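Worksheet for the structure shown next.
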Amino acid sequence: DTAVSQTPKYLVTQMGNDKSIKCEQNLGHDTMYWYKQDSKKFLKIMFSYNNKELIINETVPNRFSPKSPDKAHLNLHINSLELGDSAVYFCASSQVAGLNEQFFGPGTRLTVL
Amino acid sequence: KNQVEQSPQSLIILEGKNCTLQCNYTVSPFSNLRWYKQDTGRGPVSLTIMTFSENTKSNGRYTATLDADTKQSSLHITASQLSDSASYICVVKSVNAGNMLTFGGGTRLMVKP
């Protein structure tokens, strides 16, 4: 009955590869997010997405792209991986109305070699 | 520029003791402030959410305060337990930011027996 789930939990890959991280939420929320947490533990928003609007943090390279097959899923595709992409990536979801409390997934630790 | 600063960066206390974590923010116009607890290797979990009109909110042994005039918040942990060892992240939402949140860098708390 996990609310927000991500796969894989760990991902180790070579520079230049293309990879995807999957996220699913069963909370019935209308908005999903991707965050990056770097080695200093700062959480930075990458994308906010619902079926009407994609908001992109302008600092995110266009090698990163969110793909949403339906309301419950928001996958993160990364092309041409670079060393600096190594981080923990968190998916989250919320209802856009009200207090907008966000529920986070367990994270995916990406290591680029 | 919207910013959230937390102090101290890290804190070590003995089990059973109380502690207070601080959060100062410059996010404006203010919508709400939330405290998250992030255990090692896991996603953040919401502890409290406070709006402009609330100046204190409790969740078990956790009590958050908010002074919207001075733009300060604190999280007080009473009778600490070993399981309180985690990072505590202050997060502020602006009225104008859509679904975007501004995250503090967190306070890493270690509770020792």
Side-chain angles (χ1 to χ4, degrees), chain A residues 2-7 9-10 21 23-25 27 29-60 66 74 87-109, chain B residues 1-11 21 23 25 27 30-54 57 59 64 66 85-110:
Chain A
T2 304
V4 182
S5 59
Q6 295 178 229
T7 54
K9 188 166 175 62
Y10 299 97
I21 306 172
C23 177
E24 176 180 2
Q25 56 96 2
L27 297 167
H29 288 163
D30 54 20
T31 304
M32 296 182 73
Y33 312 81
W34 276 105
Y35 288 86
K36 179 181 180 182
Q37 188 170 42
D38 59 25
S39 57
K40 294 185 178 179
K41 305 300 182 184
F42 273 94
L43 269 161
K44 294 180 183 174
I45 183 75
M46 301 177 71
F47 304 100
S48 163
Y49 183 80
N50 61 29
N51 58 4
K52 298 175 186 175
E53 188 177 24
L54 170 64
I55 301 175
I56 303 171
N57 185 323
E58 61 189 12
T59 65
V60 175
L74 184 67
V88 182
Y89 292 84
F90 287 97
C91 176
S93 71
S94 74
Q95 282 296 125
V96 69
L99 291 175
N100 185 230
E101 182 175 3
Q102 296 189 12
F103 292 80
F104 285 80
T108 294
R109 180 174 292 278
Chain B
K1 182 181 176 182
N2 289 337
Q3 284 188 313
V4 177
E5 305 272 348
Q6 290 187 243
S7 62
Q9 280 194 336
S10 60
L11 182 62
L21 315 180
C23 173
Y25 61 92
V27 177
F30 175 84
S31 175
N32 60 65
L33 182 147
R34 63 279 302 273
W35 283 91
Y36 281 90
K37 179 186 179 189
Q38 185 175 18
D39 292 310
T40 301
R42 300 204 168 187
V45 174
S46 180
L47 294 175
T48 64
I49 298 180
M50 287 185 291
T51 60
F52 184 88
S53 59
E54 297 172 296
K57 185 169 270 191
N59 177 359
L66 173 65
S85 296
S87 286
Y88 293 84
I89 306 172
C90 177
V91 185
V92 183
K93 184 172 186 289
S94 168
V95 172
N96 292 340
N99 304 323
M100 300 298 193
L101 306 175
T102 303
F103 286 75
T107 292
R108 292 168 192 72
L109 174 66
M110 181 178 294

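Only heavy atoms go into these numbers, but all of them, side chains included; no hydrogens, no water, no symmetry mates. Predicted model, so just to flag it, every value in this text is computed and none were measured.
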On a heavy-atom basis, the closest approach of B:R34 and A:Q102 is NH1-N, 4.2 Å

Looking only at B:G104, B:P44, B:G105, the option with the highest number of non-hydrogen pairs under 4.5 Å against chain A is B:P44

Just so I know, are the side chains of B:L101 and A:I45 near enough to count as touching, which here means a heavy-atom distance under 4.5 Å?
no

A side-chain contact here means heavy atoms from C-beta on lying under 4.5 Å apart; do B:S46 and A:E101 qualify?
yes

Check side-chain hydrogen bond (donor to acceptor under 3.5 Å, both in side chains) between B:Q6 and all other residues, then give those that pass, not counting sequence neighbours.
none

Between B:F103 and A:F104, which heavy-atom pair has the shortest distance, and what is it?
CZ-CZ, 3.9 Å

Is atom CZ of A:R109 surrounded by more than 12 heavy atoms (other residues, nucleotides or ligands) closer than 6.0 Å?
no

Over all atoms of both residues, closest heavy-atom pair of B:G43 and A:F90
CA-CE2, 3.3 Å

Let me know if A:Q37 has heavy atoms under 4.5 Å from chain B in its side chain, its backbone, both or neither.
side chain

Report which part of A:K9 has an atom under 4.5 Å of a heavy atom belonging to chain B: side chain, backbone, both, or neither.
side chain

Set of residues satisfying side-chain hydrogen bond (donor to acceptor under 3.5 Å, both in side chains) with respect to B:E54, sequence neighbours excluded
B:T51, B:K57

